[in-house]
2 protein chains.
Amino acid sequence: MQSYTEENYLKTIYHLAEKTTNVQTNAIAEQMQTKPASVTDMIKKLAEKGLIDYVKYQGVTLTETGKNTAIDIVRKHRLWEVFLVDKLNFKWDEVHDVAEELEHIKSVELIERLDEFLGFPRTDPHGDPIPDKNRRFAKTQFIKLIELKTGESGTITGVSQHSSPFLKHLEKLGLTLGKQIQVSDVTDFDGSVEIRISDKQVNISREVAKHILISSNGKN
Amino acid sequence: MQSYTEENYLKTIYHLAEKTTNVQTNAIAEQMQTKPASVTDMIKKLAEKGLIDYVKYQGVTLTETGKNTAIDIVRKHRLWEVFLVDKLNFKWDEVHDVAEELEHIKSVELIERLDEFLGFPRTDPHGDPIPDKNRRFAKTQFIKLIELKTGESGTITGVSQHSSPFLKHLEKLGLTLGKQIQVSDVTDFDGSVEIRISDKQVNISREVAKHILISSNGKN
DNA sequence: AATAATTTTTAGATTTACCTAAAAATAAAA
DNA sequence: TTTTATTTTTAGGTAAATCTAAAAATTATT
Ligand SMILES: [Mn+2]
Ligand SMILES: [Mn+2]
Ligand SMILES: [Mn+2]
Ligand SMILES: [Mn+2]
C-alpha cells in the first residue's frame with residue numbers, strides 16, 4: 001500500500017519516462033514542486049520498496065510493480081476527469097486539480113463501476129488514452145498540428161498541454177476535440193498557422209499549434 | 001484549511017455531540033481508533049485553531065466554525081454515498097469506507113454539482129439526512145421500531161447502525177428503506193418483535209429492533 | 001587532463017500525527 | 001472524608017515528508 005505522496009512520485013516518474021529514458025532527480029523535483037534533496041529521500045524509499053530501480057547519481061526507472069501502480073493512478077485520474085466532464089458538466093480546463101485528488105481514492109470496485117457507468121471510455125477529456133483494467137492502452141496515432149503541411153487536414157484528438165489558459169484559448173477559437181480542421185496556410189514571417197474549421201478561418205501561433213494533436217486523414 | 005485528520009476529528013466530535021452534551025477525550029479516542037494521549041494533542045491544536053472550545057479535563061465542544069466544517073464533511077459523506085448506491089449500484093452496506101475517503105475531496109464546485117446531478121437528495125442510503133449547501137437539515141421525525149406497540153405500523157426510514165453485517169441482515173429480511181411494516185406481536189420471553197411486512201411475517205431480535213427507525217403513521 | 005559548472009546526495013532540522021509510560025486531576029466508593 | 005478507580009494530561013520519543021546548507025559525484029569546457 002502506497003501513501004498519497006508515494007503515488008504522486010510514481011505517477012510523475014511514469015510521465016517523465018514517457019519523454020526521457022533516464023529520469024533524473026532534478027526533473028522529478030521540478031515536476032513535484034519540491035527540492036532535489038526531498039526527491040533523493042523519496043526515491044531511496046521507493047527503491048527500498050521495490051517500486052523503482054535506482055543507482056546513485058544515475059536516475060531512476062520504474063520496476064514492473066512501480067509501473068503498474070503508476071498506470072492504475074493514471075487510469076483513475078482520467079476516468080474521474082471523464083466523470084467530471086460528462087456527468088457533472090465541468091469544462092475540460094476545470095477538471096485537473098480535482099482529479100489530482102480523486103485519483104488517490106483506493107477502491108478497485110469503485111473504479112471498475114465508475115468505468116462501466118461512464119461506458120468504458122477510451123480517452124479522457126483531453127484526448128489522453130485511458131488504460132483498461134488490465135492496464136492496456138488503446139494504440140493512438142497522433143501528429144502535432146504544427147507538423148501538418150498546407151492543404152493537409154485532420155481531426156483534433158488531443159492536446160499535449162493541460163493548462164487552463166491554453167485550454168480556454170482553444171475553446172474560444174472553437175478548437176475542441178473531434179473538430180475537423182484543415183491547414184490553409186503557414187505564415188512565413190512567424191510560423192503561425194492559418195486553419196480552416198467549420199468554414200471559419202482562425203490563426204494560431206506556432207506555440208499553440210505545437211500542442212494540438214491531430215489524427216491525420218491525409219490530404220484533401 | 002484542515003488536514004484529512006483534523007477533518008475526521010471534527011466529524012467525530014460532531015457525531016458524539018449528537019449523543020452526549022460534553023464530548024470526552026476517551027470517547028473520541030475510541031471512535032478514532034487511537035489513544036487518549038493522541039487525542040489530547042489534537043484537541044489542543046483544534047482549540048488553537050478556533051475550531052473547538054476546550055477546557056482541560058472538561059471535554060470539548062465545537063465552535064461555530066468547527067461545526068460548519070463538520071457539517072460540510074457529513075454532507076459530502078452522505079452525498080457520495082447516494083452517488084455510490086444510486087449511480088454505481090453499490091449496496092447500502094458497501095459504501096461507508098469509500099465515502100470515508102471521498103468526503104475529504106476539497107472542492108465546493110464538485111459537491112454542488114454532484115448534489116445537482118443526484119437530484120438534491122435529502123437523505124442518504126441509510127436514511128440519514130443530508131444538509132443542503134447552507135447546512136440546513138430537513139426536519140426528520142423518527143421513532144425506534146422497538147418503541148412501537150403491537151398493532152402499530154409505520155415506514156422504515158432509517159437505521160441507527162451502519163455496520164455491514166447489520167445492514168446485510170436487514171436486507172435478507174426484506175427490511176429496507178421505504179418498506180411498510182406493522183408490529184404484529186412482541187414476544188414476552190425475549191422481547192423479540194414479530195413484524196408483518198408485505199404479507200410476510202418476520203421475527204427480529206430486540207437488538208435489531210432498536211436500530212431500525214420508523215416514521216410512524218399511527219395505528220392501523 | 002585539469003578546471004569549472006551542474007547535478008545529486010548527505011547532514012542536520014522541522015512539522016505532523018502518532019505512540020508508551022508516568023503523573024496529575026477528577027469522579028466514585030468505602 | 002479518605003481511599004480507590006477512572007479519566008485526562010504531560011513527558012519524551014518515533015516515523016513520514018519536507019526543508020536549507022554543504023559536500024560529493026558527474027558532466028561539460030577549456
Ligand atoms: Mn489531468
Ligand atoms: Mn486529462
Ligand atoms: Mn457512512
Ligand atoms: Mn450513511
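Every chain is numbered from 1 and lettered A, B, ... according to where its sequence line falls, protein lines coming before strand lines.
- Judged by the 6.0 Å distance and 45° axis criteria, K87(A) is positioned over the aromatic ring of F117(A).
- Of the residues in residues 22-32 of chain A, those placing a heavy atom less than 4.0 Å from an atom of DNA chain C are Q24(A), T25(A), N26(A), in numerical order.
- Between W92(A) and H126(A), the ring-plane angle classifies as parallel under the 30° and 60° cut-offs.
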Worksheet item: Are E103(B) and R75(B) close enough, and set up right, to give a salt bridge (Lys or Arg N to Asp or Glu O under 4.0 Å), and what steps lead you there?
Response: CA-CA 8 Å; E103(B) 72 189 3; R75(B) 170 168 154 82; over 6 Å; no
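- Applying the 4.0 Å criterion to OP1 and OP2 of dT16(C), one finds that Y9(B) has every side-chain N and O outside that range.
- Nucleic acid contact class of Y4(B) (heavy atoms, under 4.0 Å, all strands): none.
- The residues E7(B) and K11(B) are annotated as not salt-bridged, no charged nitrogen and carboxylate oxygen being separated by less than 4.0 angstrom.
- Between the CD1 atom of I43(A) and the P atom of dT7(C) there is a distance of 15 Å, rounded to whole Å.
- One side chain, D128(A) or H162(A), offers a donor N or O that lies under 3.5 Å from an acceptor on the other.
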Discussion item. Does F83(B) form a ring-ring contact (aromatic ring centres under 6.0 Å, His included) with F90(B)? I'd like the steps, not just the answer.
Written reply: CA-CA 9 Å; F83(B) 170 71; F90(B) 278 88; 8.8 Å; no
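- Residues of residues 34-41 of chain A that place a heavy atom closer than 4.0 Å to DNA chain D, in numerical order, are T34(A), K35(A), A37(A), S38(A), D41(A).
- D72(B) and R135(B) are joined by a salt bridge, as a carboxylate oxygen and a charged side-chain nitrogen come within less than 4.0 angstrom of each other.
- A donor-acceptor contact closer than 3.5 angstrom links the side chains of H77(B) and H96(B).
- Salt-bridge check for E112(B) with K133(B): passed, with a basic side-chain N closer than 4.0 Å to an acidic carboxylate O.
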Check the interface with nucleotides 23-26 of chain C: list each N/O to N/O pair with the protein under 3.5 Å, or write none.
unit_1	atom_1	unit_2	atom_2	d
dA25(C)	O4'	Y57(B)	OH	3.3

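- In this structure, Y14(A) has its ring center no closer than 6.0 Å to that of Y9(A).
- The CE atom of M42(A) sits 10 Å away from the P atom of dA16(D) (whole-angstrom rounding).
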